[in-house]
Structures are given as structure tokens and as C-alpha cells.
2 protein chains.
Amino acid sequence: MSSKTPKAGAKSAEQQEKTLDLSALQRTPGFMLRLAQLKFFEGFYEEFAALGLTPATYAIFAVIRDNPGVPPSSLASLLRLRLPNLIKILNELESSGFIKRNRSKADRRAVELMLTPKGAKLIAEGARLTEPYNRKMLAPLSEAEQRTLLDLLNRMLPL
Amino acid sequence: MSSKTPKAGAKSAEQQEKTLDLSALQRTPGFMLRLAQLKFFEGFYEEFAALGLTPATYAIFAVIRDNPGVPPSSLASLLRLRLPNLIKILNELESSGFIKRNRSKADRRAVELMLTPKGAKLIAEGARLTEPYNRKMLAPLSEAEQRTLLDLLNRMLPL
DNA sequence: TATTGTTATACTCTATAACTATA
DNA sequence: TATAGTTATAGAGTATAACAATA
């Protein structure tokens, strides 16, 4: 009937994360994917902070770079952003001089997005950080496993 | 120098997602992980809507079920939630009668979380939906590949 | 009338600061 | 003084509604 022994059966408050049963979450792909994404995003902000790039702007720059003239609507559906939310980002990128909007001559409702030289330089600098950043995030896996993971993700998703 | 032919070199506005170069994003694990997580979360809301479970509450229930008496602070750091944000959810779950808070006798600052019978019933019903839901989300992969993906995610993350 | 882009706005999720009570 | 929990609040991300210009 002793009470103040902080060692014996004191499971409740002293229950540390080490001793918790997490097996259910470990078997839950959705939860593990969330953790993985958090890790990648936190790491991204550290690695690319100096350039002022975010995961969203990095993806936007990359798609415009590889597809000059891409319209905002395609960009939004591709990146899984709602058009109004993308527009807000595009406004900032344009007023900062990283991208340029051209009205399409064929359909004057449509907008064609392009990188300015300043924007092209920024994404080029970002691209140089990409490989070491990915390696760091995936460090616990062998190179073959890293390729397998990326391959499985690509096959899982209809892109 | 022709102009109005909407077929020939009309890459800009007619550029559909089918013809876009997405290879850069496909080689970016962080982006693919984001897409995967979005897919799992959207699917979750569809599948578990009838039970009123969200990814967050599902995880909370599962951890309390497997670790009765777990304190909010451990739960928060485990699920990567800030304590104040978790507290708000716990308040709703308690006032809805799904969980119960006990003050620890050993340390009266500490709180021990438990499921009520009503909460235990809810997570038990949710658990029955879990396997078919995961199978659906991972359908493009073989069972061996599904196991590989989960294994790689677990090895990537320090849980 | 339908589509593209845009603005305005609401809502959810997440982050920070400060307070209470115990230790 | 430090810690666990809580409250209040601010910020970022994401959602819907409505409008202008063009088709």
C-alpha cells in the first residue's frame, strides 16, 4: 500500500513515449504519410529559408520553368491548390518580379505564366539545394530503397 | 508568320495537364508525399464521415485505447500536435462523452486520459473500416508493395 | 450561357503568449 | 523556480461565393 515510490507501478503520469504502444499508428499508412510530410516540410523550410522558397513556391517555379506559358488553372489543379489561393501567391511572385503574366492572344481570358530572369535564377539556385536536401531527409534509407519509395509513391498516384 | 491557327504551335493556352512536363515534381519525394497524404485524408473523410471521425480524432482514440492513462502532453508530442490545439479537441471529445479525464493521484497536475465505453465503441467501429479503407487507398500497389511502402515509411521516421 | 481569372471572405488548422494549479 | 494543463488569441492554409472580361 506504499504510495510515494515513483518507480514501481507508476505507469500513468510517468508513462513516457518510449513505453507507449504505438503499433496501431505505425500500421496506419495515412498517419505515417503525415509524419513523413511534416518531416519533409520542416526540413524544407530550414534548407531553403535563405532563398525565401516554400514548398508551394518551389513547385510553382518548377512547373512554370518546365512549362512556360502554363495557365493558372492548370497549375492550380496540378498542385492541388484552389485557384483563388494560387492567385494570391502569383500576385506576390509577380510583384516581387519573379514571374510575369501574359494575356494569351488566342483567348484573351487566358493567362500565360512565365519566369522572369530573376525567377529563373532563383529556381536554379533552389534546384542546386534539392539533391542534398532529399538525401538528408531520406538518409535512413539506402539509395535503392529511396528509389523504391519514390517509385511506389508515383505508382500510387494518378499524376 | 501565321497567327490564328489554334492547332499548330498553340502550346500556351491549350496546354493541358496531359501534355505538361511534371517530371521535376515526380522526382520530388516531398511533393509526392504531400499528394499521397491529401489522397489519404480525402479518402478518410469519405469513409469515416458516418462515424464523425477525423484523421486526428482517430489517432487520438487509438493511442488512448492502447495506452489508457496517457497524459495530454505525451499524446500531443506523439501526434505532432501543439498541446493547446490538442486540448481543444479533448474538450470536445470529453463533452461529447467519448473520453474521460482523471487527475493523477501521484501528481495532481497530471491528467490521465481514458476512453468511455461510448468512446471505446466508436473506435472499435472505426477500426473495422480501417482495413478496407487502407486497401482502397493503396489499391494500385500489390500487397507486397503495400507492405514495403509502410516498412520504408517506418524506417524513415524516428517513432 | 460557359469559362478564365480575380477579389473578397469565411473557416479550419496551427502557432504563440499568458494564466492556473500543483510540484 | 519549473512543469502540466488550460485559455485566449493570432496567424497560415484552405474553402466557398460572387464578379469582370471574354468566349
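We name chains A, B, ... by the order of the sequence lines, and we start the count at 1 in each one.
- We find that CZ of A:Arg108 is positioned 14 Å from C1' of D:dA20, with the value rounded to whole Å.
- Between the CD atom of B:Glu94 and the P atom of D:dT7 there is a distance of 10 Å, rounded to whole Å.
- Nucleotides of DNA chain C nearest to A:Glu42 and A:Lys88 differ in position, and the one nearer the 5' end is that of A:Lys88.
- In this structure, the CG atom of B:Leu93 is 12 Å from the P atom of D:dT6, given to the nearest Å.
- Computed from coordinates, the B:Gln37 CD to D:dG13 C1' distance equals 13 Å when rounded to whole Å.
- The separation between B:Phe41 atom CZ and D:dG13 atom P is 17 Å, rounded to whole Å.
- One end of the helix from C:dT1-D:dA23 to C:dA23-D:dT1 points its axis 10° away from the other end's axis, with each axis taken from 5 pairs and the angle rounded to 10°.
- In this structure, the side chains of A:Leu90 and A:Pro72 come closer than 4.5 Å at one or more pairs of heavy atoms.
- Inter-residue side-chain proximity for A:Pro71 and A:Val111 is flagged as unmet; no heavy-atom pair is nearer than 4.5 Å.
- A sub-4.0 Å separation between OP1 or OP2 of D:dT3 and a side-chain N or O of B:Ser73 is absent.
- Judged by distance alone with a 3.5 Å cut-off, a donor-acceptor contact links the side chain of B:Arg109 to the base of D:dT3.
- Side-chain nitrogen and oxygen atoms of A:Arg82 include at least one within less than 4.0 Å of the OP1 or OP2 phosphate oxygen of D:dT16.
- B:Asp107 places its CG atom 9 Å from the P atom of D:dG5, with the value rounded to the nearest Å.
- The shortest side-chain heavy-atom distance between A:Ile99 and A:Met114 does not fall under the 4.5 Å cut-off.
- In this structure, a donor-acceptor pair under 3.5 Å is present between the side chains of A:Tyr58 and A:Thr130.
- In this structure, A:Arg80 reaches neither bases nor backbone, as no heavy-atom distance under 4.0 Å exists between it and the strands shown.
- B:Arg155 is not listed as a side-chain neighbour of A:Pro140, based on a closest heavy-atom distance of 4.5 Å or more.
- Heavy-atom distances to DNA chain D give each of B:Pro72 and B:Arg34 a nearest nucleotide, and the one nearer the 5′ end belongs to B:Pro72.
- From B:Leu53, atom CG reaches atom OG1 of B:Thr57 across 4.5 Å, with rounding to the nearest 0.5 Å.
- In this structure, B:Pro55 and B:Phe48 have side chains that are not in contact, with every pair of non-hydrogen atoms separated by 4.5 Å or more.
- Annotation: B:Phe40 is not in aromatic contact with A:Phe31 [ring centroid separation under 6.0 Å not met].
- Scanning DNA chain C 5' to 3' for nucleotides with an atom closer than 4.0 angstrom to a non-hydrogen atom of chain A gives a first and last hit of C:dA2 to C:dA8.
- Regarding contacts with the backbone of D:dT7, a side-chain N or O of B:Asn91 is found under 4.0 angstrom from either OP1 or OP2.
- Within the nucleic acid shown, A:Tyr45 comes within 4.0 Å of sugar-phosphate atoms alone, with no base atom in reach, counting heavy atoms only.
- One can find a donor-acceptor pair under 3.5 Å joining the base of D:dA15 and the side-chain atoms of A:Asn85.
- Put simply, CD1 on A:Ile89 is 11 Å from C1' on D:dT14, counting in whole angstrom units.
- Salt bridge status for B:Glu94 with B:Arg101: present, with a side-chain N to carboxylate O gap under 4.0 Å.
- Electrostatic pairing of A:Glu47 and A:Lys136 counts as a salt bridge here, judged by a charged N lying under 4.0 Å from a carboxylate O.
- B:Leu81 has its CG atom 14 Å from the P atom of D:dG5, to the nearest Å.
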